[in-house]
Protein chains: 2
Amino acid sequence: MSELQPPFKVGALASATGLTVRTLHHYDEIGLLSPSARTPSGHRLYDAHDVQRLQQIQSLRAVGFPLEEIRHLLSSRQVSAQRVIALHLEQLEQRIAEQQALAVRLQRLARHLETAALAPVGDLCRIIEATLMMEQYFTPEQQDAIKARGAMLGEQAIRDVEAAWGEVIPAVREHMARGTPPTDPDLQALARRWKSLVEAFTGGDHAIAASVRRMYDEQHEVINAAHANTPDPAMFAFMATVFAEIGGGPG
Amino acid sequence: MSELQPPFKVGALASATGLTVRTLHHYDEIGLLSPSARTPSGHRLYDAHDVQRLQQIQSLRAVGFPLEEIRHLLSSRQVSAQRVIALHLEQLEQRIAEQQALAVRLQRLARHLETAALAPVGDLCRIIEATLMMEQYFTPEQQDAIKARGAMLGEQAIRDVEAAWGEVIPAVREHMARGTPPTDPDLQALARRWKSLVEAFTGGDHAIAASVRRMYDEQHEVINAAHANTPDPAMFAFMATVFAEIGGGPG
DNA sequence: CTTGCACCTCACGCCGCGTGAGGTCCGAGG
DNA sequence: CCTCGGACCTCACGCGGCGTGAGGTGCAAG
């Protein structure tokens, strides 16, 4: 009844279905669709049943199933179509959600880059890094607050603050090495300067200060390894004794 | 100045950054991040510069760049960060759009399956196939119209129509084989029945009828190969002569 | 007989590692 | 001294879905 149609050869079936010959070979290789006959010389011959199966395969591929699962689906007819589709849809939606989260990150990055004008790639990495850290450790509101403070202070002030840290940290390290007691007035003056620098960044927000501390606690290994002249846990501990003397925490 | 920190060995760097040892090996293999030193016995030693570079790599990976492109970005500092990010974002959004289109298809499928109750996988494939065909050849409004007609007629009526086609087509094929002239009354009666069956599906909508014709024209190879007892171009041509006799087209 | 196309069978490449297999190095404990 | 365990080393295959050759055969037309 169905042998009226002459069987397809690969090329014909490929061009009829829009697939490539290689694809059909592949389906044969993995046992997903093997032609039900061959010519004596080995040429593949696909009959009506094969074509039908191929259409089913194409249908399932079109909605994103992997080949392995398609084979499974076509071999066992016990599976409930609804459940399969629902599960598949769920996975797909999760992937979409992940990618959208990534897109949001990229959009935020793009906005940051607008303000940074002609950023070369080195800066790009720093900005990404900062953006990622921000995401990990600060709430969106805190991020807005930090950005607002940055804009308010201006670029020059920010560079001033960075330069100040560049002086304070080596000085503290000196005192640590010499074993200066927490009661030393020079050290206490340094502690007050430290405190003001922290406040310049946090704007006096204790939650932000706490987040920064948490960030340092969890990331100090990489931070200290990658950037010289950054505080480490020992320095935080040392400064804590000084803050205890002059009263009040670091921020 | 930065050699105060002892260099990292792979395991330490891996656990500090959250990567795996294998990943660091891989980055070394492909020349993305080679440790700047080795112990005499060959153990990798990563210094501060390496760690910094790794952080940049992690940043760029976190926003989805492939390793090859990361290497390229990090080696040439001419590239504009904005353009890179914008391009990357664009590609990502396109991928998202594609996947969302797929999700929409799956949702539509899920809805179709609800009405089909306990569909096994075989039916699933037919429904997917039909859904995809619908998408290709019919506008959403036409799809709604077809679905509405289907619901109006009821399942029994649809099965009746299918059974009717199952009689009409072999009969026509008989006449074709015998060379019956278009003036033959039996054949003309068959043509009128054909016309009514088409109308049962299209609801008299000429646009839908035209789409069906286009679908057959473009897909007849696979349709005829996969399903016995379907009209082919020769049959359409033959019927056209009969419709010319009795006046009016097929639909 | 030759040309040329469609077909055949290997088999490697992609991307970002996971996961062994099989061997070496190193610090601590007996 | 030896030994033990853990961290390190270098291959090398596997994954998904084919693309892209390379090198050879089949078959109908000129």
Side-chain angles (χ1 to χ4, degrees), chain A residues 6-47 50 54 56-74 88 91-92 95 98-99 102, chain B residues 6-46 50 54 56-74 88 91-92 95 98-99 102 221:
Chain A
F8 279 87
K9 286 193 289 178
V10 260
L13 183 56
S15 66
T17 58
L19 299 173
T20 70
V21 170
R22 177 65 179 105
T23 299
L24 293 173
H25 282 181
H26 184 59
Y27 291 175
D28 191 2
E29 276 173 29
I30 65 173
L32 177 59
L33 175 69
S34 296
S36 47
R38 295 245 188 172
T39 69
S41 58
H43 290 199
R44 278 165 250 258
L45 294 178
Y46 295 89
D47 72 6
D50 299 332
L54 179 55
Q56 296 181 337
I57 293 170
Q58 276 193 284
S59 298
L60 294 170
R61 277 253 62 193
V63 292
F65 284 102
L67 298 182
E68 182 63 38
E69 200 165 337
I70 292 177
R71 186 168 54 188
H72 186 232
L73 287 174
L74 290 182
H88 189 57
Q91 291 171 357
L92 177 62
R95 277 204 304 272
E98 285 169 14
Q99 300 203 322
L102 213 172
Chain B
F8 279 88
K9 286 195 288 178
V10 260
L13 183 56
S15 66
T17 57
L19 299 172
T20 70
V21 171
R22 177 66 179 102
T23 299
L24 294 172
H25 282 180
H26 183 60
Y27 291 175
D28 191 1
E29 277 173 27
I30 64 171
L32 177 58
L33 176 69
S34 296
S36 47
R38 296 247 186 169
T39 69
S41 59
H43 291 198
R44 279 164 248 257
L45 294 178
Y46 295 89
D50 300 332
L54 180 55
Q56 297 181 334
I57 292 169
Q58 276 193 283
S59 300
L60 294 169
R61 275 252 63 191
V63 292
F65 285 101
L67 298 183
E68 181 61 38
E69 199 166 339
I70 293 177
R71 185 168 55 187
H72 186 234
L73 287 174
L74 291 181
H88 190 55
Q91 290 170 358
L92 177 62
R95 276 203 305 272
E98 284 169 14
Q99 300 202 322
L102 214 173
E221 272 193 291

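Numbered from 1 within each chain, the chains take letters A, B, ... in sequence-line order.
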Starting at atom CG of B/L19, determine the distance to atom C1' of C/dG18, rounded to an integer number of angstrom. 14 Å
Atom CZ of A/R95 and atom P of D/dG16: how far apart are they, to the nearest Å? 14 Å
For atom CD1 of A/I57 and atom C1' of D/dG17, their distance in whole Å: 13 Å
Which residue, B/F65 or B/H43, contacts DNA chain C at a nucleotide closer to its 5' end, judged by nearest heavy atom? B/F65
Report yes if some heavy atom in the side chain of A/Y46 is under 4.5 Å from a heavy atom in the side chain of A/L33; otherwise report no. yes
Calculate the interatomic distance between A/E68 atom CD and D/dC18 atom P; express it in whole Å. 14 Å
Of all residues at least two apart in sequence or in a different chain, which pass the salt bridge (charged side-chain N to carboxylate O under 4.0 Å, His left out) check with A/R38? A/D28
For B/K9 and C/dC25, what is the distance between atoms NZ and P respectively, to the nearest whole Å? 13 Å
I want to check something: taking the side chain as every heavy atom from C-beta on, are A/L13 and A/D50 in contact at a cut-off of under 4.5 Å? no
Find the distance B/H72:NE2 to C/dC15:C1' and express it as a whole number of Å. 19 Å
Integer-rounded Å distance: D/dA7 P and B/L13 CG: 15 Å
Answer yes or no: is there a side-chain heavy-atom contact under 4.5 Å between A/T23 and A/T17? no
Under 4.0 Å between a side-chain N/O of A/R44 and OP1 or OP2 of C/dC7, yes or no? no
d(CZ, A/F8; C1', C/dA6) in whole Å: 16 Å
Side-chain heavy atoms of A/Q58 within contact of A/R61, under 4.5 Å: no
With the side chain counted from C-beta on, respond yes when A/L74 and A/L60 share a heavy-atom pair under 4.5 Å apart, and no when they do not. yes
Per the under-4.0 Å heavy-atom filter, residues of residues 20-42 of chain B near DNA chain D come out as B/R22, B/H25, B/R38, B/G42
